Amino acid sequence: MPIMKLLRLLCAAVCAAALALAGGAANAQSGGANKPAEQKPAAEAVKEGQKKIDEIAEAARVLQGPAGNPECVWLGRRVVTLLWRDDLDTAFRHLDIYDRFGCPSAHIQATFRCVVRQGNIDPKAADTLNGRVQACWLDPALPPTAAAAAAPATTAASGGTANR
């Protein structure tokens with residue numbers, strides 16, 4: 001039995017030494033101690049998480065009924081965002097969950113209609129889409145922006161064709 005204990009101890013020591021060497025090599029490659037730039041994303045993640053909590057709380061305060069429930073707000077905004085991005089399969093899977101929670105599907109339709117009426121969104125600016133979905137979720141009757149209202153008028157005036 002003492003030989004088994006000695007072998008176990010030796011095996012544990014070898015494993016600990018290997019882990020220490022691997023950790024030291026990884027730490028040397030990364031430049032040692034944590035840099036302030038590495039700590040910044042964690043602070044931003046906390047701030048972003050608090051922003052999402054505040055948005056959900058605002059929706060609960062503004063909206064009457066189940067559309068203001070936190071699960072309905074979170075899932076519903078995701079569904080509208082996915083619909084805008086033409087990810088219909090994922091949107092419909094989320095919509096099934098949304099319906100199971102007893103959330104109002106008419107609010108999804110009204111919010112998506114509002115987002116579409118607002119006009120095109122810069123695809124590289126995610127905050128613009130998220131902000132628009134949040135604004136439309138809170139007030140689906142939001143009037144279209146001036147640029148979105150002017151676009152259909154110019155298209156109708158030009159006959160719907162573009163000069164090439």
Side-chain angles (χ1 to χ4, degrees), residues 22-23 26-27 29-164:
N27 196 20
Q29 289 176 354
S30 69
N34 288 343
K35 298 176 186 175
E38 292 174 1
Q39 295 171 356
K40 185 177 178 185
E44 287 177 5
V46 169
K47 190 182 292 184
E48 185 176 318
Q50 184 60 42
K51 179 182 173 189
K52 288 180 181 181
I53 291 170
D54 293 342
E55 288 174 352
I56 291 173
E58 179 185 7
R61 192 178 71 249
V62 172
L63 296 172
Q64 300 288 327
N69 290 348
E71 64 275 12
C72 295
V73 173
W74 188 79
L75 282 166
R77 288 178 54 194
R78 288 181 61 91
V79 168
V80 172
T81 302
L82 290 165
L83 286 172
W84 178 264
R85 292 181 178 156
D86 291 332
D87 189 356
L88 300 180
D89 291 335
T90 308
F92 288 143
R93 280 186 263 139
H94 280 76
L95 193 55
D96 288 340
I97 299 169
Y98 181 85
D99 289 337
R100 285 186 187 214
F101 278 112
C103 302
S105 58
H107 199 79
I108 296 279
Q109 183 179 2
T111 302
F112 186 67
R113 182 181 300 125
C114 173
V115 170
V116 170
R117 278 191 322 213
Q118 301 299 314
N120 287 332
I121 297 175
D122 180 14
K124 295 180 182 174
D127 288 339
T128 306
L129 176 59
N130 292 337
R132 184 179 294 180
V133 170
Q134 173 67 10
C136 286
W137 187 265
L138 295 177
D139 183 13
L142 196 66
T145 60
T154 56
T155 303
S158 68
T161 59
N163 296 334
R164 292 182 191 220

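Predicted model only: the values in this text are computed from it and were never measured.
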*Is there side-chain contact between Pro140 and Arg113, with at least one heavy-atom pair below 4.5 Å?*
no
*Which distance, rounded to the nearest 0.5 Å, do you find between the CD1 of Ile121 and the CG of Asn130?*
9.0 Å
*asked:* Could you measure the distance from the NE2 atom of His94 to the CG atom of Leu82? Nearest 0.5 Å is fine.
replied: 6.0 Å
_Could you check whether any side-chain N or O of Arg117 sits under 3.5 Å from a backbone N or O of Leu142, counting only pairs where one atom can act as donor and the other as acceptor?_
yes
*Kindly determine whether Thr90 and Arg85 satisfy side-chain contact (heavy atoms from CB on, under 4.5 Å), including the steps that lead there.*
CA-CA 10 Å; Thr90 308; Arg85 292 181 178 156; over 6 Å; no
*Start with the C-alpha distance between Trp137 and Ile108, add both sets of side-chain angles, then the distance that settles side-chain contact (heavy atoms from CB on, under 4.5 Å), and finish with yes or no.*
CA-CA 8 Å; Trp137 187 265; Ile108 296 279; 3.9 Å; yes
Donor-acceptor contacts, no H, no angles, side chain residues 50-70, under 3.5 Å, sequence neighbours left out:
{"residue": "Gln50", "atom": "NE2", "partner": "Asp54", "partner atom": "OD1", "Å": "3.0"}
{"residue": "Glu55", "atom": "OE1", "partner": "Arg77", "partner atom": "NH1", "Å": "2.9"}
{"residue": "Glu55", "atom": "OE1", "partner": "Arg77", "partner atom": "NH2", "Å": "3.1"}

*Between the side chain of Gln118 and the main-chain N/O of Pro143, is any donor-acceptor distance below 3.5 Å?*
yes
_Separation between SG of Cys72 and CG of Asp99, rounded to the nearest 0.5 Å_ = 9.5 Å
*Looking only at heavy atoms, what is the nearest atom pair of Val79 and Ala91, with distance?*
CG2-O, 3.9 Å
_To the nearest 0.5 Å, what is the distance between CG on Asp96 and CG on Leu75?_
11.0 Å
*Tyr98 side-chain N/O to Arg93 backbone N/O, donor-acceptor pair under 3.5 Å*: no
